[in-house]
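Report on one structure; see the data block that follows.
Nothing fancy with the numbering, it's 1 onward along the sequence.
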Amino acid sequence: MAQDVAQDVVEVEVEVVEHEPSEITYDEQRYPARPRSLRRPRPQARLRGTDAAPRPEPGQGPADGTNPDYVDWLRSQSMLADAQKISRQFSGQASMWQNPYAKPDPRRAVDTAAVWFTAYPISLVTRPGRSFLGSLGDPQLWEAFQRIGIDAVHTGPVKAAGGLDGWRQTPSVDGHFDRISTQIDPMFGTEGEFRHLCEVAAAHAGNVIDDIVPGHTGKGADFRLAEMAYEDYPGIYHMVEIPAEHWDLLPEVPPGHDAANLDAVAEAALAERGFIIGQLQRVIFYAPGIKETNWSATREVVGVDGVARRWVYLHYFKQGQPSVNWLDPSFAGMKLVIGDALHSLGDLGTTALRLDANGFLGVEKSSEGPAWSEGHPLSEAANHLIAGMVRKVGGFTFQELNLTIEDIRDTSEVGADLSYDFITRPGVQHSLATGDTEFLRLCLRSALELGVDPASLVHALQNHDELTYELVHWATRHAEDVYDFRGGKVTGAKLAETIRADLVEKLTGDNGPYNLVFTTNGIACTMASVIAASRGHRDLDALGEDDVEQIKRAHLLMAMFNAWQPGVFALSGWDLMGMLPLPVESVKPLLTSGDTRWIERSAHDLMGVAPEAKVSASGVPVGRSLYGNIPQQLADEGSFVSRLQEVLAVRREHKIATARQVDIPAVAHPSMLVMVHELDPADHDGRDVLQVTVLNFGGETIEGTVRSERFTPRVPVVDLSSGAEIGWVDDLKSFGVWLAPYAGMSLLLCPSAPGDEEIRTVEPSAG
């Protein structure tokens, strides 16, 4: 009989059907009784055991390519060499095929980690003798996080960064975003402490998020080997060897420096001769005499072959951050970055990675005008590879791209699972500064119209960066488009100019002398100082108890905006403690390069472990806290943290993080904002249930009508914070609300269950 079956099988004509990918993944479809996403297994410490083996100590002799000992020492420090070892641990393993990886899955990512604490290593005050990573791994801290509703910690960059000058390591030039090693920087702790942190987080239903930097490295061993023309290392970077007969086109490198930035004339001359592609679309961190172009020239460097060379290399950011080349025939840059990612996920035990500077992975010469360097297809392709690899090993990624809404949408289609919300962030501060939400509503509506799902965004309060007001969407791609604003018609370029002017006027200068403009990018400030300036406080030392209470209310309002909509909600220690900016005098040496952001990075003691500390272990001055540390606030029902607990409880209980935003209605008062979201019908007996966020960004009490075509008449309106029914939707699809200054409401509009319908007369609401 078996033989007959086999005979039948042979005779059957097999029709080959090509695979057509499904339109939606399992996690995107909302099924009843849908299980939670599985958590990733904890790390196996497969590469190095508890801690990495010590690196060879610096040697002696010439620090150039003529000294084999120096070359070997550099290779032992190299990220590319580490990546080659790390990748072998994953090749040929069945685990590499057990996770879907082709498409981003934002709701799975949000399900895994919905509320993030974003740490900044050098600003965290620790117990004497305790490292940053050791402090983050404290079970008491995670118990507090769990009580608040925080389920993930983004560590910030903690791997070694900066550069090498001969045998000597030089400090970071950009807050450890100029990585030079896969090893943990000893100033932050050890690999063993990082793994312990991941274990403690898992024990408290939490996750740990790390960083990789696909766009650049620091000037560490990999860059020094590249300068020496060693093996594949020049292929890591966008760097071009300039023949000696053309060195007259290059700037002189000052004594004590390893490179000099090209001015526009030198950039054009080298581009005309075909050495480089020349001017790019913009110069990030532009500063006269410091960074006038995106290209710098090295000093003379003796290679492993004894030849002296000078190179010109690309750096989108600072001179110490040479850009990675993602399309070199050696693919050395790709190997380096992927190896770093696999080390964090597979060896340290993280759940997710931030992709920093990943919007600048492609650059191409244009026939006319500046080179194509933003929104390039290679950036999308490279992001697809990175994010796909991370999903393959069970993690997820998020990106920080301050680009147009369309570019954020397009890079999210195949790349990172989540994107930082640069779309609404300036609008939130503008609403607070002016008491008018018109620009914020325009931002939200534009995102919906252009297909950006808020559930795919990381909505954050303060982080280590400035309040960004480049407003790229309006100032570039849509500069000539016309918008309705303040009763008239304005172009996108004029709109961006107006918003920037409003923010600078309201938040800096005489109105906020404690906040500083940061180059052309934005304003260095804390959330508390934004609110203080918005309320007209010019002297932070003169703030009284009533002033602090109003700042607290407005800060909580900003948390409601970010938390009571789909997506990730992120906040920092500066938010939890209500930190104020540092006086300029206390960080003056750090401001010499024009980086005013140091005033907003004050050191803070989250758990009250070192009350006498004046500086962090890294030397950052301790700032002034308006709210107190976490244990103090958890003991006070009226504190910022305790009230934040209530906001996050509403978010968690009603699964707002994975809802779908469907409407940003017109409002009855300029300071009002309304966001309408569909909740999962599977959680409500198949009924179409709406959650409505209503906020007042003004300092005065308001009342008005909330109306949306999405509303169903004769449905009760329930306040999710109190459980009280506050009214009913009338036949005009509206209901009335009353809001105190800087207050917000999360409301539920839920039709009666089948069979429970009740005919009720809807009377006009009195607010």
Out of [options], which residue meets the side-chain contact (heavy atoms from CB on, under 4.5 Å) rule with [X]?
| X | options | value |
| --- | --- | --- |
| R500 | L471, I523, L495 | L471 |
| L507 | D502, I531, V530, V517 | V530 |
| W564 | V694, I656, L648 | I656 |

Do side-chain atoms of [X] reach the backbone of [Y] as a donor and acceptor pair under 3.5 angstrom?
| X | Y | value |
| --- | --- | --- |
| Q550 | D546 | no |
| E600 | C525 | yes |
| H459 | P566 | yes |
| R441 | I664 | no |
| E703 | L739 | no |
| S642 | Q633 | yes |
| N207 | A113 | no |
| T526 | M579 | yes |
| D683 | L679 | no |
| D575 | Q462 | yes |

- [ ] May I have the step-by-step check of side-chain hydrogen bond (donor to acceptor under 3.5 Å, both in side chains) for S572 and N463, ending in yes or no?
- [x] CA-CA 6 Å; S572 65; N463 64 13; over 6 Å; no

With a 6.0 Å cut-off on the ring centroids, do [X] and [Y] count as close?
| X | Y | answer |
| --- | --- | --- |
| Y483 | F485 | no |
| W728 | F711 | no |
| H555 | F640 | yes |
| F285 | F518 | yes |
| H464 | Y120 | yes |

Can you tell me how far [atom2] of [Y] sits from [atom1] of [X], rounded to the nearest 0.5 angstrom?
| X | Y | atom1 | atom2 | answer |
| --- | --- | --- | --- | --- |
| D151 | Q146 | CG | CD | 9.5 Å |
| M558 | L571 | CE | CG | 11.5 Å |
| Q645 | R147 | CD | CZ | 6.0 Å |
| M560 | S721 | CE | OG | 7.0 Å |
| M745 | L720 | CE | CG | 9.5 Å |
| S123 | W598 | OG | CH2 | 7.0 Å |

Heavy atoms from other residues, nucleotides or ligands near [atom1] of [X] exceed 12 (cutoff 6.0 Å):
| X | atom1 | value |
| --- | --- | --- |
| K494 | NZ | no |
| Q140 | CD | no |
| D539 | CG | yes |
| E700 | CD | no |

Side chains of [X] and [Y] only: does a donor on one sit below 3.5 Å from an acceptor on the other?
| X | Y | answer |
| --- | --- | --- |
| N515 | T508 | no |
| Q691 | S746 | yes |
| Y742 | R535 | yes |
| T468 | N402 | no |
| H154 | D211 | yes |

Open item on the list: What verdict does the salt bridge (charged side-chain N to carboxylate O under 4.0 Å, His left out) test give for E470 and R282, after you've listed the backbone C-alpha separation in whole Å, the side-chain angles of each residue and the deciding distance to 0.1 Å?
Closed with: CA-CA 12 Å; E470 289 178 293; R282 58 174 167 153; 3.0 Å; yes

Open item on the list: Please identify which of these residues, W142, W574, F145, meets the ring pair (Phe, Tyr, Trp, His ring centres under 6.0 Å) condition with F117.
Closed with: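 Exactly one candidate clears the test, F145.
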
Report yes if the side chains of [X] and [Y] come closer than 4.5 Å at any heavy-atom pair, otherwise no.
| X | Y | result |
| --- | --- | --- |
| V153 | I209 | no |
| H430 | L503 | yes |
| L516 | V584 | yes |
| L749 | V692 | yes |
| R553 | E549 | yes |
| E709 | R707 | yes |
| S616 | H604 | no |
| L644 | S639 | no |

- [ ] Begin from the C-alpha positions of T693 and V674 and carry the test side-chain contact (heavy atoms from CB on, under 4.5 Å) through to its verdict.
- [x] CA-CA 6 Å; T693 298; V674 178; over 6 Å; no

- [ ] Might you work through the side-chain contact (heavy atoms from CB on, under 4.5 Å) test for V482 and V490, ending with a clear yes or no?
- [x] CA-CA 5 Å; V482 177; V490 297; over 6 Å; no

When you check the gap from the basic side-chain N to the acidic O, do [X] and [Y] get nearer than 4.0 Å?
| X | Y | result |
| --- | --- | --- |
| K655 | D680 | no |
| R714 | D730 | no |
| R643 | E637 | no |
| E466 | R597 | yes |

Task: Worked verdict on E406 versus H478 for side-chain hydrogen bond (donor to acceptor under 3.5 Å, both in side chains) - done: CA-CA 11 Å; E406 292 95 334; H478 297 275; 2.6 Å; yes

Task: side-chain hydrogen bond (donor to acceptor under 3.5 Å, both in side chains) evaluation trace for D453 with S456 - done: CA-CA 6 Å; D453 182 356; S456 70; 5.6 Å; no

